[in-house]
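This report concerns only the one structure given below.
Just so you know, ligand 1 is whichever comes first in the structure, and atom 1 is the first atom listed for that ligand.
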Amino acid sequence: MKRNLLLTPGPTQVPAQLCEVLGRPIIHHRTPQFQDNIKQVVEGLKEIFQTKNDIYILTSSGSGAMEAAVVNLLSPNDKAIAVDGGKFGERWVELCQTYGARTIVHKVEWGKAPSASQIKSLLEANPDTKAVFITLAETSTGVTPDVKAIGEVVSKTPAVLVVDAVSGLAVQEIKTDEWHCDIVVSGSHKGLMLPPGLAFVSASAKAIDLINKCATPRYYFDLRECKKAMEKTDTPFTPAIGIMIALVESLNMIKKDGLNNMFVRYAHLARAVRAGCKAIGLELFPDETCATNVLTAVKVPANIDGEKLTKTMRDTYGITFAGGQDHLKGKVIRMAHMGSLDEYDILTGLACLEKVLFQMGHKFELGSALTAAQKVLNNKS
Ligand SMILES: *Cc1c(COP(=O)(O)O)cnc(C)c1O
């Protein structure tokens, strides 16, 4: 049987010990047993979000948590600033516009990061801005902005800062409280190594104030109801019970590994992947200065069809990379280094990439990506 190695930036590999938990019989959610589960999940997530704020649990994909942020913060005609430097920044723009916000779209060239000073100028020109929307790890381009500096700027204004940390959480640092991130959203199927189905929203006191004043109608994603339920260690609706139970185990695994050790490990894997790609003539897509360690996006050589490359890797060898999105379709490939992936997964991915690129006529010495990556992996510094 063919392997199915997901080197994609979501969904990610689910480790065997979590698969085992996911296969257990279901329990009822209105029970003391499940309340204990909710308690453990919230405590564990607070450590990863690095926050003392409320955390609400939604049953949806990551975009559901993004929609929850928008419908709970912005009333129709409210002003919002959304940073659009890729597919997921664009999602913030589309959500804000869908709900009738006057949306200032801060366009950033794909592969580059927005700067705090640009956001400061926009806020000075628009002092009535209610919320600023950014992305911790822009999964379409491999870029991470300076969230700390942006948080500093936004915290001095009446606006709240909303951060999409769907792919970034538990893979790269986010200090929710210290960096003044009023709302942080994430999901179960990226750094937390679980199937899609759960999404999380943290909310500061500043955000809760805005949530209570918001005039936009909402029902399933009403965070006021989530807050009420959470105060009774409950959820407003039936949650994805099986994933909630497995999440306790996932959070324990992360705790045992140590959050910081994980960040160091992903950075190490990222360096190895980049060295490997460079050795076979593949250039990093984002600016080196703002590249996230969540994934590596590299340009496909001009004479190679990137879509055919990823399709062959997946369909012939069972190794899945992500391709490019929108105008980058066929032009970049993206390899994740997140969740349960380790150095041998990375080496397997690079080996397959070499093989298929070579078959497609790209010129390089076979084994050079692996050699370069191995050298980085064997040098712990
Ligand atoms: C995966 C992802 C999302 C959410 O996507 P869903 O398909 O709704 O789970 C949002 N933002 C970023 C940056 C992501 O990588």
Side-chain angles (χ1 to χ4, degrees), residues 6-14 45 48-49 56-71 82-96 98 106 108 110-114 131-145 147 150 161-174 176 181 183-202 220-221 239-240 243 247 250 266 270 285-286 290-297 320-326 328 332-339 341:
L6 293 182
L7 292 166
T8 43
T12 58
Q13 292 282 127
V14 180
L45 285 175
I48 298 179
F49 277 70
Y56 309 126
I57 296 160
L58 304 171
T59 292
S60 74
S61 83
S63 303
M66 295 174 74
E67 180 149 346
V70 170
V71 297
V83 173
D84 175 5
K87 201 69 199 158
F88 293 99
E90 190 179 277
R91 188 159 303 172
W92 279 135
V93 173
E94 289 171 356
L95 278 163
C96 290
T98 297
H106 180 44
V108 179
W110 286 38
K112 296 205 163 30
V132 177
F133 295 87
I134 64 169
T135 314
L136 174 65
E138 177 48 82
T139 318
S140 62
T141 62
V143 164
T144 184
V147 176
I150 295 170
L161 177 64
V162 185
V163 184
D164 167 0
V166 178
S167 67
L169 189 79
V171 189
Q172 70 170 85
E173 185 107 79
I174 171 133
T176 299
C181 305
I183 296 254
V184 174
V185 301
S186 196
S188 52
H189 56 309
K190 309 241 170 154
L192 298 177
M193 311 172 281
L194 288 166
L198 285 179
F200 318 106
V201 181
S202 77
Y220 187 70
F221 287 136
I243 303 176
L247 182 53
S250 156
Y266 297 131
F285 175 76
C290 58
T292 171
N293 292 326
V294 169
L295 75 155
T296 292
T320 310
F321 277 35
Q325 293 170 291
D326 281 0
L328 296 181
V332 306
I333 50 170
R334 297 173 299 140
M335 180 178 183
H337 7 83
M338 63 200 294
L341 297 178

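Heavy atoms of Glu138 come nearer than 4.0 angstrom to ligand 1 in no pair at all. Contact between Gly10 and ligand 1 is absent, with no heavy atom of the residue lying under 4.0 Å from the ligand. Proximity of Lys190 to ligand 1 is established by a heavy-atom distance of less than 4.0 Å.
Taking 4.5 Å as the limit, some side-chain heavy atom of Gln172 sits within range of a side-chain heavy atom of Thr292. Side chains of Thr12 and Leu341 form no contact here, defined as non-hydrogen atoms less than 4.5 Å apart. For the pair Tyr220/Glu67, no side-chain contact is recorded, criterion being any heavy-atom separation below 4.5 Å from C-beta on. Put simply, the side chain of Trp110 does not reach to within 4.5 Å of the side chain of Val332, judged on heavy atoms.
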The test is side-chain contact (heavy atoms from CB on, under 4.5 Å); show your working for Leu169 and Lys190 and say whether it passes.
CA-CA 8 Å; Leu169 189 79; Lys190 309 241 170 154; over 6 Å; no
Trace of the side-chain contact (heavy atoms from CB on, under 4.5 Å) decision for Val201 with Phe221: CA-CA 11 Å; Val201 181; Phe221 287 136; over 6 Å; no
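Between the side chains of Ser167 and Thr139, at least one donor-acceptor pair of N or O atoms lies under 3.5 Å.
Between the side chain of Thr144 and the backbone N or O of Ala137 there is no donor-acceptor pair closer than 3.5 Å.
The distance from ligand 1 to the heavy atoms of His189 drops below 4.0 Å at these ligand atoms: 9 (O). Each of the atoms 4 (C), 5 (O), 6 (P), 8 (O) of ligand 1 lies under 4.0 Å from some heavy atom of Ser63. Atoms of ligand 1 lying under 4.0 Å from any heavy atom of Ser167, numbered from 1 in the order shown and given with element: 13 (C), 15 (O). The atoms of ligand 1 that sit less than 4.0 Å from any heavy atom of Met66 are 10 (C).
Distance from atom 13 (C) of ligand 1 to its nearest protein heavy atom, with residue and atom name: Thr139 OG1, 3.2 Å. Atom 6 (P) of ligand 1 has its closest protein heavy atom at Ser61 OG, 3.5 Å. Looking from atom 11 (N) of ligand 1 to the surrounding protein, the closest heavy atom is Asp164 OD2, 2.6 Å.
Considering backbone and side-chain atoms alike, Thr135 places every N or O at 3.5 Å or more from each N or O of ligand 1. Below 3.5 Å of separation, one finds an N or O of Gly62 facing an N or O of ligand 1.
Using a cut-off of 4.0 Å between Lys/Arg side-chain N and Asp/Glu carboxylate O, Arg91 and Glu94 are scored as not salt-bridged.
Only the backbone of Ala137 comes within 4.0 Å of ligand 1, judged by heavy-atom distances.
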